[in-house]
Amino acid sequence: MAATEIVRQMGEGCRSLPLSAHVGFDSLPDQLVTKSVNHGFCFNILCVGETGLGKSTLMDTLFNTKFESEPNSHSQPGVQLKSSTYDLTESNVRLKLTVINSIGFGDQINKEDSYKPIVEFIDSQYEAYLQEELKIKRVFHNYHDSRIHACLYFIAPTGHSLKSLDLVTMKKLDSKVNIIPIIAKSDAISKSELTKFKIKITSELVSNGVQIYQFPTDDETVAEINGTMNAHLPFAVVGSTEEAKIGNKMMKVRQYPWGTIQVENESHCDFIKLREMLIRVNMEDLREQTHTHHYELYRRCKLEEMGFKDTDPDSKPFSLQETYEAKRNEFLGDLQKKEEEMRQMFVQRVKEKEAELKEAEKELHEKFDRLKKLHQEEKKKLEDKKKSLDDEVNEFKKRKTATELLQSQQAGGSQTLKREKERKN
């Protein structure tokens with residue numbers, strides 16, 4: 001009988017037995033809490049939104065601290081992701097918080113590919129975790145999990161509808177991360193406009209098939225509050241680190257000439273709702289959803305690309321060793337095939353090169369023969385011309401000699417005639 005069948009039968013035949021006395025494993029939850037507190041927690045938030053919507057300010061307000069951040073310009077050539085990690089402590093509970101800000105998002109004239117750097121960043125964090133998971137020697141006890149647990153998507157308070165950039169980006173991200181849409185700087189529009197704007201946003205998200213994060217209602221302890229808060233999405237928030245005395249209490253506010261917005265007053269904005277849902281009630285569920293849903297989806301797709309499956313064509317469990325051997329043989333076969341193709345390509349290129357060299361050699365020989373023939377013809381012409389010139393020189397010399405002889409004879413005759421005249425006289 002196979003080992004998997006034995007395990008299956010053991011699981012099916014599990015019986016419940018009573019205990020006659022206290023054993024002690026009821027302390028496991030306490031042990032888990034102690035271990036978790038000693039180890040600490042991590043939480044990673046991705047803030048996506050256009051420049052100037054108050055992403056950094058809201059993070060400062062959420063965690064009651066001042067994170068290091070610099071104002072970003074609107075002249076970025078593309079979208080960049082800036083990650084900053086901080087160690088926070090509250091009541092002996094340590095939290096390693098990572099805030100990732102999308103710099104330059106929506107600032108370009110062509111916004112078609114603005115979502116791609118964000119998707120690539122999220123996938124790279126999943127890939128890093130998967131690579132660590134596939135190692136023979138893993139070090140998860142001190143591994144910094146950089147996977148994105150929550151994406152706060154900042155929507156501009158236009159009061160009309162979502163921009164196409166927002167819809168496209170959220171559609172690309174909804175299968176990779178927990179999206180919590182929020183209306184930033186919601187004090188820029190009136191309450192009636194805000195209510196209509198929320199309804200419009202929800203309608204557009206549903207009609208475009210965008211899946212945002214829903215606060216879980218399967219746990220009875222939080223089912224009621226989460227169900228109520230799901231109806232308030234997207235949250236309309238205001239962020240501020242400025243404090244003022246309201247009554248006898250210092251509160252975070254935004255002061256205007258016409259009045260004061262109290263950030264932590266639920267009748268003014270949804271900041272308290274966001275903080276309750278994001279940090280105090282559902283932080284662990286966001287972490288769990290990231291691992292069990294989004295990361296598992298990425299992992300499954302990656303392993304299927306690598307050829308790994310849970311069952312074979314006969315619906316039997318797939319052996320990892322068999323899968324490895326099959327992939328190894330397939331890889332070696334592909335490698336051998338590529339090697340043979342490269343060898344044939346090399347031989348073909350050598351033959352082509354040899355043919356080119358032979359053709360070039362033939363052309364050089366033909367050119368040499370043509371030049372040699374031309375040289376011989378030129379040489380013959382020059383020799384003929386030289387002979388002709390030599391003949392002309394010889395003829396000229398003969399004529400010169402004859403002329404000189406004739407002149408000498410004429411000179412001798414005239415002298416003879418002169419003597420005869422002198423003799424007669």
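Numbering starts at 1 and runs along the sequence shown.
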Asks: Just checking, any donor-acceptor pair under 3.5 angstrom between side chains of E133 and Y295?
Replies: yes
Asks: Can you classify the ring geometry of Y143 versus Y129 as parallel (below 30°), tilted (30 to 60°) or perpendicular (above 60°)?
Replies: perpendicular
Asks: Roughly how far, to the nearest 0.5 Å, is CG of D285 from CZ of R287?
Replies: 11.0 Å
Asks: Count the heavy atoms of every other residue, nucleotide or ligand shown that sit under 6.0 Å from NZ of K171, and state whether that count exceeds 12.
Replies: yes
Asks: Under 3.5 Å, is there a donor on one side chain and an acceptor on the other for Q125 and S146?
Replies: yes
Asks: Taking everything shown except K116 itself, do over 12 heavy atoms lie less than 6.0 Å from its NZ?
Replies: no
Asks: Looking at F105 versus Y115, is the centre-to-centre ring distance below 6.0 Å?
Replies: no
Asks: Name every donor-acceptor pair, under 3.5 Å, that has one atom in a side chain of residues 232-242 and the other anywhere in the protein, sequence neighbours excluded.
Replies:
{"residue": "S240", "atom": "OG", "partner": "E242", "partner atom": "N", "Å": "3.1"}
{"residue": "S240", "atom": "OG", "partner": "V253", "partner atom": "O", "Å": "2.6"}

Asks: Partners of T195 by side-chain contact (heavy atoms from CB on, under 4.5 Å), sequence neighbours excluded?
Replies: I199
Asks: Ignoring hydrogens and geometry, is there a side-chain-to-backbone donor-acceptor pair from Y126 to H294 under 3.5 Å?
Replies: no
Asks: Tell me yes or no: between the side chains of D123 and Y298, is some donor less than 3.5 Å from an acceptor?
Replies: no
Asks: Are F43 and F41 near enough that their ring centres are under 6.0 Å apart?
Replies: no
Asks: Taking atom types as modelled and ignoring hydrogens, do the side chains of E127 and S124 form a donor-acceptor contact shorter than 3.5 angstrom?
Replies: no
Asks: Hydrogens and angles aside, do Y213 and N282 bring a side-chain donor and acceptor to less than 3.5 Å of each other?
Replies: no
Asks: Taking everything shown except E377 itself, do over 12 heavy atoms lie less than 6.0 Å from its CD?
Replies: yes
Asks: Any chance CE of M342 has more than 12 other-residue heavy atoms, nucleotides or ligands included, within less than 6.0 Å?
Replies: no
Asks: So, K96 side chain and T85 main chain: donor-acceptor pair closer than 3.5 Å or not?
Replies: no
